[in-house]
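Numbers restart at 1 for each chain; the letters A, B, ... are given by sequence-line order, proteins then strands.
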2 protein chains.
Amino acid sequence: MARTQGAALDEVDLALLAALLDDAEITNKALAHRLGLAESTCAHRVRALRERGVIRDTRIRVDEAALGYPLQAIIKVRLANHTGPKVTALFEALASIPRVLQVFHVAGVDDFLVHVAVEDATALRDIVLEHITIHPVVRGTETQLVFELRDGSGMLPR
Amino acid sequence: MARTQGAALDEVDLALLAALLDDAEITNKALAHRLGLAESTCAHRVRALRERGVIRDTRIRVDEAALGYPLQAIIKVRLANHTGPKVTALFEALASIPRVLQVFHVAGVDDFLVHVAVEDATALRDIVLEHITIHPVVRGTETQLVFELRDGSGMLPR
DNA sequence: GGTGAAATGGCTGACCC
DNA sequence: GGGTCAGCCATTTCACC
């Protein structure tokens, strides 16, 4: 979540991103044809987007439920004090807990939002008790069950 | 976030998932070699994981800041009442707001957590006022700035 | 039924216009 | 930006255990 904006993106770049966000597995040939570009040009521009860091990486998404972790939750973590090094260390610790999908470090009432996928309620309790409230700097937690998680519309549309 | 567990995953499946989660762009050849499998076997099993829905899809990740949206936030949304159809409709509406990355429908104090990436504070305010609190069913919102978002360790490690 | 091996078609990447 | 070529990869088919 850093990196300055090297050069502005033109319309072709945005169209490439839109197509790749829609279907990351599209072949270069199909992508070029879809945008009316030569295949070599298309490959060049996509490569440039990667090297500039606009496209960070490619990832697979797994079905957590199919893997045996059907229960998802958001655990809000509030701290007792906010001394820099301890906060950073806790951030690291939270991110390395098994079954943690993502950790948001936020400003406001809560300090961290920990998104987890677990097998059952017992596993959820164990994470909270054994991995989170065990840290002295943690003042309290509040757990919210996730009914459903949906992707947003993303960056591209106006 | 559904789908029943068709058949249990064996060790090879888990190893394949671990490798693909680590590097989604690995070639089938390298993946097979890394696990000591034949290339065809490897391709077969990865294909099977996709067809079973264990691997949902492949996506690129973009750098929102590089795209001109350096400010991320979590907007907590609380509802006045929780009648089914209205909640579902709001879910859809939230997910289709521009600059929305993901929407969590949760149980607890808040009803939705909306993760957005915007260009500046003004754009954030506009989303809250023009796209969220504008819905009559929304009782209130609370916005938390995201300092940093980190990936967790995921599903695989013990 | 799952695994290993070979051949074909197609894509990517590099060089040059 | 666009065209060409070589190398490599994925997919399919078939034989084997």
Side-chain angles (χ1 to χ4, degrees), chain A residues 3-69 154-158, chain B residues 3-63 66-68 154-156 158:
Chain A
R3 180 168 284 111
T4 62
Q5 193 168 344
L9 302 164
D10 63 17
E11 293 177 2
V12 176
D13 289 325
L14 292 176
L16 285 170
L17 287 172
L20 288 172
L21 284 168
D22 177 58
D23 175 16
E25 303 184 68
I26 189 172
T27 65
N28 181 68
K29 184 175 189 173
L31 183 58
H33 207 258
R34 184 164 160 178
L35 299 196
L37 293 174
E39 294 175 27
S40 56
T41 306
C42 184
H44 270 137
R45 296 191 73 129
V46 172
R47 184 188 187 86
L49 286 172
R50 289 185 177 277
E51 288 175 348
R52 287 162 62 185
V54 177
I55 297 176
R56 293 167 54 200
D57 59 10
T58 304
R59 312 229 88 186
I60 63 167
R61 295 197 302 178
V62 300
D63 184 337
E64 293 85 7
L67 275 172
Y69 307 104
M155 300 295 93
L156 299 165
R158 156 100 280 123
Chain B
R3 179 167 283 110
T4 63
Q5 194 167 344
L9 301 165
D10 63 16
E11 292 177 2
V12 177
D13 289 324
L14 292 176
L16 285 169
L17 286 173
L20 287 171
L21 284 169
D22 177 58
D23 175 17
E25 303 184 67
I26 189 174
T27 65
N28 182 68
K29 183 175 188 172
L31 183 58
H33 207 258
R34 182 164 161 180
L35 298 196
L37 294 174
E39 294 174 26
S40 63
T41 307
C42 184
H44 272 138
R45 295 190 74 126
V46 173
R47 184 188 187 88
L49 287 172
R50 289 183 178 277
E51 288 174 350
R52 288 162 62 186
V54 177
I55 297 175
R56 293 168 54 202
D57 59 9
T58 304
R59 310 229 93 187
I60 63 167
R61 295 199 301 179
V62 299
D63 184 336
L67 275 171
M155 302 293 93
L156 298 164
R158 160 95 275 129

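Atom CG of residue L21(A) and atom CG of residue L16(A) lie 10.5 Å apart, to the nearest 0.5 angstrom. Atom CG of D23(B) and atom CD1 of I60(A) lie 10.0 Å apart (nearest 0.5 Å).
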Using salt bridge (Lys or Arg N to Asp or Glu O under 4.0 Å), reason through R61(B) and D57(A) one step at a time and then give a plain yes or no. CA-CA 6 Å; R61(B) 295 199 301 179; D57(A) 59 10; 2.8 Å; yes
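In this structure, D13(B) places its CG atom 14 Å from C1' of dT3(C), rounding to the nearest Å. Look at CG on L37(B): it is 12 Å from C1' on dG2(C), rounded to the nearest Å. The distance from atom CD of E25(A) to atom P of dT12(C) is 12 Å, rounded to the nearest whole Å. Distance, R45(B) CZ to dG1(C) P: 15 Å, rounded to whole Å.
The closest donor-acceptor contact from the side chain of R59(B) to the backbone of A24(A) lies at 3.5 Å or more, if one exists at all.
Applying the side chain to side chain donor-acceptor pair (under 3.5 Å) test to residues at least two apart or on different chains, the pairs with a partner in residues 31-50 of chain A are D10(A)-R45(A), D13(A)-R45(A), R47(A)-E51(A), R50(A)-T58(A).
Summary for the helix from dG1(C)-dC17(D) to dC17(C)-dG1(D): the axes at its two ends, each from 5 pairs, differ by 30° when rounded to the nearest 10 degrees.
Contact check for L9(B) versus L49(B): side-chain heavy atoms found under the 4.5 Å cut-off.
In terms of heavy atoms, L35(A) sits closest to V12(A) at CD1-O, 4.4 Å. Closest approach of D63(A) to G53(B), counting heavy atoms only: CB-O, 3.2 Å. The heavy-atom pair separating L31(A) from A19(A) by the smallest distance is CD1-CB, 3.5 Å.
A search for side-chain hydrogen bond (donor to acceptor under 3.5 Å, both in side chains) contacts involving N28(A) returns nothing, not counting sequence neighbours. Checked against side-chain contact (heavy atoms from CB on, under 4.5 Å), A30(A) has the following partners two or more places apart in sequence or in another chain: I26(A), T27(A).
Within 4.0 Å (heavy atoms only), E39(B) reaches no atom of the nucleic acid at all.
Chain A approaches DNA chain D over the interval dG1(D) to dG3(D), counting the first and last nucleotide 5' to 3' with an atom under 4.0 Å from its heavy atoms.
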Output one line per pair: protein atom, nucleotide atom from nucleotides 5-11 of chain C, and distance, for all N/O pairs under 3.5 Å.
residue, atom, partner, partner atom, Å
dA5(C), N6, S40(B), OG, 3.4
dC11(C), OP2, K29(A), NZ, 3.4

